[in-house]
Structures are given as structure tokens and as C-alpha cells.
Amino acid sequence: MPAKTILHIDMDAFFAAVEVHDHPELMGLPVVIGSPPDKRGVVSTCSYEARKFGIHSAMPSRTAFKLCSHAVFLPPNMKRYHEISEQIMEVFRHFTPLVEPLSCDEAFLDVTGARYLFGDGPAIARKIKAAVLEKTGLTCSVGVASNMFLAKIASDLNKPDGLTIVPDSEKGIAAFLAPLPVKRMWGAGRKTQAILEAHHIRTIGDLQTVAPAKLAAWVGESAAASFRRLAFGIDDRELATASEEKSISNEITFDEDQRDAKVVEAALLDLADKVGMRLRRAGFYATTAQIKLRWKDFSTITRQRRLDPPCCDDITLRETALELFRKEALHSPVRLIGFGVSGLRLTADAPQLDLFQSPEKKTSTRREALSRAVDRIRAKFGRKSIQRGSNLNEN
Amino acid sequence: MKLTIEKDVLLEALQKVQSIVGQRSTLPILSNVLLKTEGETVSLTTTDMEVCVKTSAAAEIAEQGGTTLPARRFFNICRELPAGQVEIEVDVKDVATIRCGPSFFKLVGLTEEDFPPLPEFEESAVYTIDQNVFKEMLQKVSYASSTDETRYILNGSLLSFKDEKLTVVATDGRRLALVEQEVEFSEDAQASLVVPTKTLNELIKTLGEEGLLRIRVSAAQVAFDFDRILIISKLIEGTYPNFQQVIPAQCEERIAIDRETLLNAVRRVSLLTDDQTASIRLTFGKNKLELVTNSPEIGEARETIPVKYEGKEISIAFNPGFLMAPLRHLDSDEIFFELSDELSPGVIKTGVPFLYVLMPIRVS
């Protein structure tokens, strides 16, 4: 498996597709979303049928009308598009919290951690495509690769309803990029393209073979270095997710203030399970666990404990939650109980390697495997398909 | 109790016993040193309930008896006294009067009856070894033990008497030091014991350059007899990890390096490691070793030293402290560094039966 798995997902002719979906009578017709043809303004999106006539986004609507006078011109309904966009992003976040939306109809997803749960990159891509189609009736194109640059290029290659998988090996990546035109690369604008064209550099493959010194002489030192990296598909940027997760927590306010420690404990364990599942789905290990207790009079306490080794399994999280809770005397009814983890890391292993595997680490590894197996069962058969015996009397 | 003793003799005896006295012991009596006349000598005993150190010194005894005095204060007084005879007289209330030349002290003690009795000792095995040999063995390995109390068994060193030799091992789970020495003992005296680091540090401090050391082992304790000193220590109970399995049977490459040159280079380069991820990278090339550390916030340090090496290039990162520790405690001019790859343990060896296994640091 590659170190990272990144998806780039792009909705196919998004605005036009939403309109066709909402108005089935438009099916099969050239649909143009943008300014009316008799006004100044440009095409925002058009259906694939309209593209056959040479219409594309950013083209003046008048020109589009000249190319295809029987096209259906519709004003954009942004409110509706954002509504659908929200649904799509929600689908994405079901698979991973690491989503970087680029606009309302495209996003990067880091599914490295989600591989444990949903299978490898291509499998996740297929699941997402199916889920988006089911939820919105729309199709999208997905690129699966080991970094953002490659994923973005890939998603655009087999539109619409495409799925393009970039090889993982260095050689495979170079061969994948070689036939593509230079303009596919980020940072290769018209001016640069013209310079490269003048030196007979048309494809990324051409760029791979040109001597670094020559390239530097043509486009400058820093641009040359960047182009060479991209030409070989090297890109180590991290996703800029809106809320980079530093902690994961969940809490519940009781309908009536609770005096019964058993009821509070049951709620706490349920929260620990939920937090554990989110933690594993995000591909993190936590180094600290915390409980939060709010009493009837709204006074609130938090209690935390270090997790060593860092963990992500339900059993340890539940044990820790209970241990922290049972240290507190229930001096008054509980209004709210919460559980959270923080100090999230991508690996349970410290950089300094160990000579012996400690018993704690062995236990932790086994518990993690168990929790992930439960996750997979639940992903397939539903949350209630497998439960702890101690939870059964609640249901 | 009344006695007269040479100041230097008293000071030397106190020096041997005072260091294990706790600063904040829960029992006040544990801050005291037990003084007891025994014929023509006075014995001095301290304990922290784990380790007990007893020594004796020649004195002119005028009146037999015993008492306990605050060890730290008694030691400080003794250190500051002028050279000459010290007269100590203790009354029935355990108040000691100390006179030496023009100096006069009254020091309030506690009754000897409250002092914990010396542990009963039923030995099952006895070994004899040269003091200096044993001291050197301890010096070469005991620093590698752990101070993390969650892995208590590693808070000491393993002494294994087996196959006609003594093997001493210490590890904190990341590095392991081992030294061996042939020792004579009977077939039925095979044993292994884990001795607390604190006890071993006492031994390193007090063992002499010549003379024999007698080691007696009972079920839960060990006693070290040498010169006029007796150290009795609890053993750490539990199963010591199977250290044999973490010693690589064979490494792919072997590099000969001048010990001091390596130690000095590591010390200099480690000046620029950051505390978070203290690591330095070692790159072994043809007859040279480059040591590098860099971090964006602090800077970079780099040094290249000559080595004897013809093998493949290996780049590996280690904690500099773990790398320097054995180099400091060895005395051979040349050491051998054995490596396989960047994620496998490195092994430091010398001509003598010593080895040090060190796990690398993973660097992304």
C-alpha cells in the first residue's frame, strides 16, 4: 500500500447536472447555466450535450448561443447548488474527516486512515461514487493517487463518471504522466507553456528528460525545480482541511438530571465507543483521554489521563473513561457527560524504536485489531449488528 | 556510650554510609545513622528499607552502647571538624556531645531501639570476585538501566551466574548493555538476580581497587561483603526480559572506530539537537562517518570522522545520549560498530566480552 492515499473528486458538469436532475424533461438536451444569451455575461457550466457544440465555461453567453441556438439557457440557482454541495461533502466526510473542498463541486480527500475501514483507494472511490449517486442522483469523476497533484490530474482524465487510478511506483507514475501535455501541470501558465513549446517541450515526458540546468536557464531556478518535481509526480503537501482535528469529543445532555451512576456510565461508554470509531476512521491514535461532567448547578469539571502507548481502540477508551468517572463522587445529579480524546498522532509508535515489545503495546495492538474488525462489521451490516453484551438490555 | 575516634577515620566511615540516607524519608529514624560499639570498634549503619549499608571503624571505646544520630548533620559536623581525636558521649536521652579540639556540639538523636534491625539473611549461594573487576563490570553496564517505574524490573541490572561466568545486563528497553566475566562457583550455585540500580551505584562508589568481594544471595536479598563494608539489598522481583533474543546474531556490516574520536564528535554534534526529538544521523561511507543533526528552529551541526569501513552506505539515526553512554564508560581505544540497516539495532563491541545493543530512531 502507498504511504498515503489521496482522492480528488470532481462533480461532472455540476450546475447543469443539478438542473437536469431537478427537471428531468431537460435530459439529453444541451443545457447552459449562466447569463441569458441576450445579455452580457458568460457561461458558468454547460451539460456534456452542449459541450459537443463547442460550448465551454467562461465563454460569453452570446457566443454560446451562436454555436447552439436551441440550447436551454438557465440562470444559476446558487442556493440549490449549495444545498446539493452540502449533501455531497457530507458523503465525503462519512468516509474521512480529512476533506479539503476546493469549490462547491470538487474536493480532495485524504483516505489514508480510512483504508482500514473501507478498503483500498479504488474501493473507497467506488463506494463514494455509488454513495454520491444514491444521495443526489449525480455522477462524479475520481482520481486515486498517492498525492494531491496526481489525484487532481487523474480525476480529469476520464470524465464524466470516471475513475482513474494512478500507479504507486515511481516508474508507473513517470509513465502515467509522460504522455500528458505540459499545461496539465500546476504553475505552467500560457507564458511558460510558450517558452517550453519554443524548446519543443510539449509533454510531461519531454520535461522528464530535459537536463535540469537547461530547464533552469529557460524558466528560472525555482520554477525549474518545481516543474521537475511535478514532472515525476512528487508532491508532499498535506491537505488544508478546514478543521484540522486536534481532538475528537462527544457529549450528551440528559433529558432529566441523572442521579443513577449506572445510567451515566452507560451513556459515557456509548460516547467512548462513538469517539473511538471517529478516531479510527480518521486514522489517528490519541495520547490523552478526557471526561467532562456537568452537574445540576451547571458547574463543570474535566478529568484527563495520558494514554501510553497512544491508542485508538474502544476497550482502552472505555476502561479509561470509566476509571476517570469512578474517581469522582456523584455528589449531585449529572446534567451532562462528555468524553474526548486529544494529542492525536498518525502512529502509535514513538520515533525511538524499542528493543522489546512491551506487554502494554501487545495488548494495545490486539485491542486495536478487534475494534477495527467491529468497525468493518458495522460498516457492512449496520451499527447494531454487533454490540457488547452489556449494552443489550438498553435496546 | 562513650568513645574516642580519629576524625579522618570517622569521616571515611560516614562517607560510606551517608549517601543512601533519604532526604525526605517517611520514617524520621531512616534519616539517622545507627552507631553501635562492637568490642574495639564502632559500627555505622544506614538504611532506606531497600538497601542497608554497614561499616565499622576502629575506636577507643570507653563505654559500650548505641544510638542513632541525624546522618546528614553528623556528617556535616564531622567534615568541618579540625583534624585530631573526636570524643563522642551519648546520654540516656540519646543526646550526643561531640568534642574535638575547641569545637563543641550537642546533637539530638533517637533511640537505637527504633532503628530497623538488619534483615535476617539465609544465603543459598556465595560467590567471590575481585572488587575492582566487579566494579568495572558495573560501570560498563549499570547506566543503561531504566528509571521508569512502570517497568520496575528494568530499574536494576541482571546478575546471572551461569555456565562458569557472571553476566551483568542492564536495559531500559531501548538500549541494552552486557558484560561477561569468568567466575568460579559450584554447579549448584547457578542463579540470576536483579539488583536495584541504587544498590549498584553504592557499590560503584564504595568498591575498592583491590581485595575480594563476597556476594551472598538469599531468596529475596543479596549481600555484598568487602573490606569493612556490608551492603544488603532487596532484589527486584519478577522476570527479567529475555535479553538474548534482542541481541542480533549477526549484523551485515562492521565498522572500526576510534572511541574517543567518535565520542567527541557525537558530543559536539549533539549540541544542536532539539530536546523533542533528540536524534543525530550517522552516515557510514567508505572509510568515513558523517554525523549530522539539523532542526529548522535550532540549526545544523555536521562533522566527518575517519573510520575503517569498506561496506555499503548506511544511514541511521540514534539518540546521542544513548550513543555516548557506553563510549564514556569503556576504556578501549577502538570500538566496533555493527549495523545492518536503518531500522535494525546497532551493536557496539570491544575486544573484551562487552556489547551494547542500541535501537535506532525512525526518521521520516
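First the proteins, then the strands, lettered A, B, ... as listed; each starts at 1.
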Q. Which of residues 342-358 of chain B get closer than 4.5 angstrom to chain A, counting heavy atoms alone?
A.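 Counting heavy atoms that sit under 4.5 Å from chain A, the residues of residues 342-358 of chain B involved are B:L343, B:V357.
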Quick one: closest heavy-atom pair of [X] and [Y], and the distance?
| X | Y | value |
| --- | --- | --- |
| A:L355 | B:T171 | CD1-OG1, 3.6 Å |
| A:Q352 | B:M359 | NE2-O, 3.0 Å |
| A:F356 | B:F243 | CE2-CA, 4.3 Å |
| A:L353 | B:R362 | CD2-NH2, 3.2 Å |

Heavy-atom count around [X] [atom1] within 6.0 Å, excluding the residue itself: above 12?
| X | atom1 | answer |
| --- | --- | --- |
| B:K288 | NZ | no |
| A:E328 | CD | yes |
| B:E182 | CD | no |
| A:E221 | CD | no |
| B:E237 | CD | no |
| A:Y116 | OH | no |

Side chain, backbone, both or neither of [X] within contact of chain A (heavy atoms, under 4.5 Å):
| X | answer |
| --- | --- |
| B:D172 | neither |
| B:R175 | backbone |
| B:F318 | neither |

